Amino acid sequence: GKNVELKSHVVIKGDTFLGDENTVFPFAVLGEIPQDKKFNGESTSLIIGNRNQIREHVTIHLGTKSGNSLTKIGDNCFLMVGSHVAHDCLIGNNVILINQAALAGHVIVDDFAIVGGLSGVKQHVRIGKHAYIAAQTAVEMDILPYGVVKGVRRCYLTGVNIKGLRQRGFSKEEIHLIRDIYLEIFDGPSIEIPKRAQSLHKKYADNEEISILLKFILDHPERHLCLPTEESIIK
């Protein structure tokens with residue numbers, strides 16, 4: 001694209017497309033073949049949007065046939081030093097991967113999510129909009145939109161990303177409502193979370209922010225969510 005800056009020692013391979021105004025720093029490797037033993041040289045792609053900052057030693061791999069043959073990065077993302085995006089990941093807009101954060105294959109990261117330094121995300125995990133993953137967190141289950149999670153061996157939900165939502169212009173009333181919905185979602189056995197989400201979705205169908213949260217559950221009710229522990233409190 002236009003006004004792309006590739007600094008020294010950048011490697012770009014494969015069917016890789018970069019949009020406008022991207023900056024790629026030294027020793028980044030984009031479009032190398034996936035770390036997937038099933039990959040056999042198929043024609044697959046990497047698409048990177050506009051205005052992204054890709055720092056030193058970042059690696060982003062091509063897709064595979066099992067993942068629509070595509071790895072995709074949106075716009076205005078900040079991939080810090082040594083972060084890794086594996087094959088078939090779909091990264092939204094304004095996403096931040098802090099130093100050494102690693103996404104395994106087929107991970108979906110929605111807009112404005114932040115993955116903390118030295119964190120690892122398991123294959124096929126979904127990370128919702130505006131979620132925040134603390135440093136050194138092992139992510140094995142889906143992260144709800146607006147959530148904060150942490151945990152070295154296994155992640156657990158600690159509350160709503162209040163600081164991040166304030167920074168992005170959410171009102172006090174919107175944040176309080178999101179927190180209230182969280183409390184209702186987790187008020188009872190985890191197996192009944194989709195049922196409670198369905199009931200809440202009918203009530204808040206006209207509220208875009210709440211619909212994003214509830215549809216994340218209802219679109220894939222069979223999937224496991226990162227849950228609060230008995231000791232943790234939704235704040």
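Model, not experiment: these values are computed from the prediction. Note that these values count all heavy atoms, side chains included, but never hydrogens, waters or copies made by symmetry.
- Closest heavy-atom contact between Ala86 and Gly105: CB-N, 3.6 Å.
- Two different hydrophobic clusters hold Met80 and Val139 under the rule that ILVMFWY side chains link at heavy-atom gaps under 4.5 Å.
- The number of heavy atoms from other shown groups lying within 6.0 Å of CG (Asn68) does not exceed 12.
- The distance from atom OG1 of Thr71 to atom NE2 of His87, rounded to the nearest 0.5 Å, is 8.0 Å.
- One finds the NE2 atom of His201 at 11.0 Å from the CD1 atom of Ile181 (value rounded to the nearest 0.5 Å).
- Put simply, the side chain of Leu62 reaches to within 4.5 Å of the side chain of Thr16, judged on heavy atoms.
- The minimum heavy-atom distance between Ser190 and Pro194, with the atom names listed, is O-CD, 4.3 Å.
- Every residue two or more places apart in sequence or in another chain that forms a side-chain contact (heavy atoms from CB on, under 4.5 Å) with Glu32 is listed here: Lys13, Val29, His61.
- For Asp110, the side-chain contact (heavy atoms from CB on, under 4.5 Å) partners two or more places apart in sequence, or in a different chain, are Ile108, Lys129, Phe216.
- Separating the CD1 atom in Ile143 from the OH atom in Tyr132 is a distance of 13.0 Å, to the nearest 0.5 Å.
- In this view, Arg51 and Asn76 satisfy the side-chain hydrogen bond (donor to acceptor under 3.5 Å, both in side chains) rule, not counting sequence neighbours.
- Without hydrogens or angle criteria, Thr158 side chain to Val148 main chain gives a donor-acceptor distance under 3.5 Å.
- With values rounded to the nearest 0.5 angstrom, Leu97 atom CG is found 5.0 Å from Leu103 atom CG.
- Residues forming a side-chain hydrogen bond (donor to acceptor under 3.5 Å, both in side chains) with Glu5 (at least two apart in sequence, or on another chain): Lys7.
- Separating the OG1 atom in Thr44 from the CG atom in Asp88 is a distance of 8.0 Å, to the nearest 0.5 Å.
- When the side-chain hydrogen bond (donor to acceptor under 3.5 Å, both in side chains) test is applied to Asp15, the partners found at least two apart in sequence or on another chain are Ser45.
- The minimum heavy-atom distance linking Val149 with Cys226 is given by the pair CG1-SG, 3.7 Å.
- Met141 and Phe186 fall into different hydrophobic clusters, where Ile, Leu, Val, Met, Phe, Trp and Tyr residues are linked whenever their side-chain heavy atoms come under 4.5 Å apart, directly or through other members.
- Under the rule for a ring pair (Phe, Tyr, Trp, His ring centres under 6.0 Å), the partners of His9 that lie at least two apart in sequence or sit in another chain are Phe27.
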List the steps and the verdict of side-chain contact (heavy atoms from CB on, under 4.5 Å) for Ile60 and Leu79.
CA-CA 10 Å; Ile60 310 174; Leu79 278 58; 3.7 Å; yes

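- Contact check for His84 versus Gln100: no side-chain heavy atoms found under the 4.5 Å cut-off.
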What pairs of donor and acceptor atoms, side-chain ones from residues 111-124 against any protein atom, are under 3.5 angstrom apart with sequence neighbours left out?
unit_1, atom_1, unit_2, atom_2, d
Asp111, OD1, Asn93, N, 2.8
Ser119, OG, Gly116, O, 3.1
Ser119, OG, Ala134, O, 2.9
Ser119, OG, Gln136, N, 3.3
Ser119, OG, Thr137, N, 3.0

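- Under the 4.5 Å side-chain criterion, counting only non-hydrogen atoms from C-beta, Asn50 is not in contact with Glu21.
- Among residue pairs with one or both ends in residues 186-208, those qualifying as salt bridge (charged side-chain N to carboxylate O under 4.0 Å, His left out) are Glu192-Arg196; sequence neighbours excluded.
- Taking Ile, Leu, Val, Met, Phe, Trp and Tyr as members and joining any whose side-chain heavy atoms lie under 4.5 Å apart, directly or through other members, the hydrophobic cluster of Ile33 also contains Phe39.
- Remark: Asp142 engages Arg126, Arg223 in a salt bridge (charged side-chain N to carboxylate O under 4.0 Å, His left out) (not counting sequence neighbours).
- Under a hydrophobic clustering in which Ile, Leu, Val, Met, Phe, Trp and Tyr are joined whenever their side-chain heavy atoms come within less than 4.5 Å, directly or via other members, Phe78 and Ile98 fall into the same cluster.
- Closest non-hydrogen pair, Cys77 versus Gly92, comes out as SG-O, 3.1 Å.
- Between Arg179 and Leu183 there is a side-chain heavy-atom pair separated by less than 4.5 Å.
- Sorted by first and then second residue, the salt bridge (charged side-chain N to carboxylate O under 4.0 Å, His left out) pairs involving residues 145-172 (not counting sequence neighbours) are Glu140-Arg154.
- Leu213 is not listed as a side-chain neighbour of Tyr204, based on a closest heavy-atom distance of 4.5 Å or more.
- With a 4.5 Å cut-off on side-chain heavy atoms, Ile185 and Ile217 count as touching.
- The side-chain hydrogen bond (donor to acceptor under 3.5 Å, both in side chains) search around Ser66 returns Thr64, not counting sequence neighbours.
- No side-chain N or O of Asn3 forms a donor-acceptor pair with one of Asp20 less than 3.5 Å apart.
- A heavy-atom distance below 4.5 Å is found between the side chains of Leu18 and Leu30.
- Clustering ILVMFWY residues whenever any of their side-chain heavy atoms sit less than 4.5 angstrom apart, transitively, puts Ile54 in a cluster other than the one holding Ile96.
- For the pair Leu225 and Leu144, the minimum side-chain heavy-atom distance is below 4.5 Å.
- If you chain together hydrophobic residues whose side chains sit under 4.5 Å apart, Phe25 and Val95 never meet in one group.
- Contact between Lys65 and Ser69 at its shortest, heavy atoms only, is CA-OG, 3.7 Å.
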Given the rule in the side-chain contact (heavy atoms from CB on, under 4.5 Å) test, do Cys155 and Ile133 qualify, once you have shown the distances and angles that lead to the verdict?
CA-CA 9 Å; Cys155 68; Ile133 298 171; over 6 Å; no

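- Using a 30° and 60° split on the angle between ring planes, Tyr146 and His130 fall in the parallel class, below 30°.
- Ile193 CD1 to Gln198 CD: the interatomic distance, rounded to the nearest 0.5 Å, is 14.5 Å.
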